[in-house]
Amino acid sequence: MTVPDASTGRERTGSAGPDRRPVTRAARGPARRAALPRGTAFWLVAGVLFLLFFAAAAPSPLYGIYQAQWRFSAITLTAVFAAYAVLLLVTLLVFGSLSDYLGRRRVILVGLAMAAGACGLFLAARGVGMLLAARALHGAAVGTASSALGAALIDLQPEDSGRAPVVTTTASLLGLAAGGLGTSALVQDGPAPTRLIWWLLLGAFLAAAAAVLAMPETAQARPGVLATLRPRVAVPRQARGTFVMALPCLVAVWMISGFYLALGPSLAAQVLGSPDLLWGGLVIFLLAGIGAAASVAFRRASGPAAMLAGCLALLAGAAVTLAAIQAASAAAFLTGTAVAGAGFGAAMLGAFRTISARAAPGQRAGLIAAYFIVSYAAFSVPVVVAGVATTHFGLHRTALVYCAAIAALAAVAAGSLIFRRRAAAPPLDPAAAPGRDTRR
C-alpha cells in the first residue's frame with residue numbers, strides 16, 4: 001500500500017505557495033517548460049497512484065489461469081503473491097525518502113518505468129520464473145513511487161485543506177477495487193485473457209509518464225541522497241503503548257487484504273459455484289471499493305474512533321463470511337465481504353492516524369517504517385502459510401481458519417480500544433453533583 005503522510009514532517013520542503021511557482025533548479029534554468037497548474041497536477045498524481053494499485057490487483061483474477069497453464073502448486077502461487085509485498089517493503093524502506101533529495105518528478109518517473117517493465121515481463125512470461133520476476137518488479141515500482149506520490153499530493157494540495165491523506169488512501173483502495181473487477185471482466189469476455197490487460201496497462205503507464213513530465217516539481221534537489229538509502233525503523237518510547245494496542249487491528253486489516261487478493265477469486269468460485277471469473281473480481285471490488293468509501297466517510301473522525309468502528313465492522317464481516325463459507329451461501333459471502341470492506345477502510349485509516357500521531361516530526365519516518373513492516377508482514381506471511389495449508393487441508397478448511405483468525409484479532413482490537421476509552425474517561429467529580437454534601 002502507500003505512505004499517505006510519510007513526508008509530513010518535511011512536506012513543505014522546497015514547495016511553493018498557491019500563488020507562486022515551485023522553487024526548483026529546473027524553474028531557474030534558462031529553458032523553462034510549461035508546467036501543469038497545481039490543481040491539475042494534484043489530480044494527475046492521484047490518477048498515477050490509482051493506476052499503480054489497479055495494476056497491483058490485476059494479476060489476482062489471472063492466477064487461476066496461470067496455475068492451470070503452467071501447473072504449479074498453491075504454495076508457488078502464494079510465493080508469487082508474496083514477492084510483490086516483500087519487494088514493495090524493501091524498496092519503500094530503502095528509497096522512501098529519495099524524492100526529498102532528487103525531486104518528486106524524477107522518482108515518480110522511475111517508478112512508472114519499473115511498472116511498465118513489469119507489464120513487459122508479464123507479457124513475456126512463459127513460466128513461473130518470469131511471473132515471479134514481474135510481480136516482484138511491480139512491488140518495487142510501487143515501493144519506489146508511493147512515498148514520492150504521497151509527498152507530491154501533500155505539496156500540491158490546497159493550503160490547509162487536509163485533502164492529501166484522504167485522496168491517497170481512497171485512490172489506492174479504488175485502484176485495487178477497479179483492478180480486480182476490470183481485469184476479471186477483460187479475462188472473462190475479452191480476447192487474449194493473459195495478455196490484453198498488460199498491453200493496456202503498458203500503454204497507460206507510458207501515457208502517465210508523459211503527463212508527469214509536465215507536472216511542476218515541488219521538491220528542490222539537494223545533496224545527501226546516499227544517506228537516505230539507510231533504512232530507519234524505530235518506535236519512539238511514547239508511541240510503544242499505542243503501537244502495541246493497535247497491533248491486532250493492524251494485523252487483521254492487512255491479513256484480510258492479502259486473503260482476498262491472493263485467495264479471494266478461488267474462494268469465490270468455490271462458494272458461489274460458478275466458473276465466471278467476474279465473481280472473483282467482484283469480491284475484490286466489494287472489499288476495496290467499500291473500503292475506499294469508508295475511508296472517505298470517516299475522514300473527519302478521530303483515529304481511535306475510526307479504528308474502533310472499523311474493528312467492529314471487520315469482526316462482523318469476518319463472522320458473516322465465516323458462516324457463508326461453511327454454509328456455501330453466495331449471498332452471505334458477498335454480504336460478509338461488503339461489511340468487512342467497510343471495516344477494512346475505516347480501520348486502516350484509523351490505525352494509521354492513531355499510530356502516526358504519537359511521534360514527533362523527527363521520529364515520524366522511523367515509526368511509519370515500523371508500521372509498514374508489520375503491515376506487509378501481515379499482508380504476505382499469513383497468505384503464504386495459507387497456501388501451504390491449502391495443499392494439505394483444502395481451500396475450504398483453510399479459509400475457515402483464516403477468517404476465524406481475522407475475527408479473533410478484530411475482537412481483541414475492539415476490546416482493547418473500548419477498555420482504553422473507558423480507562424481514559426475522566427472520573428465523576430462528587431462535588432459536581434447538585435445537592436450532594438461533600439464536606440465529610
Side-chain angles (χ1 to χ4, degrees), residues 1-2 53 56-57 60 78 81-82 84-85 169 172-177 179-180 246-268 271 280-295 298 306-326 332-352 371-372 374-387 389-390 395-396 398-414:
M1 306 298 288
T2 62
F53 281 90
S60 295
T78 49
F81 173 80
Y84 167 83
T169 303
S172 58
L173 290 179
L174 283 178
L176 291 175
L247 272 179
C249 171
L250 194 58
V251 173
V253 163
W254 289 83
M255 275 183 68
I256 201 165
S257 173
F259 173 71
Y260 273 94
L261 284 176
L263 304 178
S266 299
L267 186 61
V271 173
L282 180 61
V283 297
I284 296 174
F285 179 83
L286 280 175
L287 183 83
I290 293 179
S295 67
F298 282 88
M307 188 161 55
L308 177 57
C311 286
L312 292 173
L314 196 60
L315 173 59
V320 173
T321 303
L322 185 65
I325 295 171
Q326 181 64 32
F333 181 70
L334 294 176
T335 300
T337 301
V339 175
F344 172 47
M348 183 169 71
L349 182 65
F352 186 84
Y371 170 92
F372 276 98
V374 173
S375 299
Y376 284 106
F379 180 72
S380 56
V381 173
V383 171
V384 175
V385 174
T390 299
L395 179 60
H396 182 84
T398 301
L400 287 174
V401 173
Y402 203 115
C403 284
I406 292 171
L409 285 167
V412 169

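All residue numbers in this chain count up from 1 along the given sequence. Please read these numbers as outputs of a predicted model, since none were measured by experiment.
Across all non-hydrogen atoms, the minimal contact from Tyr402 to Pro382 is OH-CB, 3.6 Å. Leu286 approaches Leu334 most closely through the heavy-atom pair CD1-O, 3.8 Å. Between Ala288 and Ala177, the shortest heavy-atom contact is CB-N, 3.6 Å. Of all non-hydrogen atoms in Ile284 and Gly180, the two that sit nearest each other are CG2-CA, 4.1 Å. The shortest heavy-atom contact between Leu176 and Phe53 is CD2-O, 3.5 Å. Taking both residues in full, the closest heavy atoms of Leu250 and Ala351 are given as CD1-CB, 4.2 Å, listed atom of the first, atom of the second, then distance.
Between the CZ atom in Phe259 and the OG1 atom in Thr337 there is a gap of 8.5 Å [rounded to 0.5 Å]. Rounded to the nearest 0.5 Å, atoms CG (Leu395) and CG (Leu400) are 9.5 Å apart. Rounding to the nearest 0.5 angstrom, the gap separating the CG atom in Leu173 from the OG atom in Ser257 is 8.0 Å. Rounded to the nearest 0.5 angstrom, Trp254 CH2 and Leu409 CG are separated by 15.5 Å.
A side-chain contact (heavy atoms from CB on, under 4.5 Å) with Cys403 is found for one member of Ile256, Val320, Leu267, Ile325 and no other, namely Ile325.
In this structure, Tyr84 contributes its side chain and Ser380 its backbone to no donor-acceptor pair below 3.5 Å.
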Practice prompt. Please assess Thr321 against Tyr260 for the test side-chain contact (heavy atoms from CB on, under 4.5 Å), listing each intermediate value before the final yes or no.
Written response: CA-CA 12 Å; Thr321 303; Tyr260 273 94; 3.8 Å; yes
Item to complete: Evaluate side-chain contact (heavy atoms from CB on, under 4.5 Å) for Leu261 paired with Phe379, printing each intermediate quantity in order.
Response: CA-CA 10 Å; Leu261 284 176; Phe379 180 72; 4.0 Å; yes
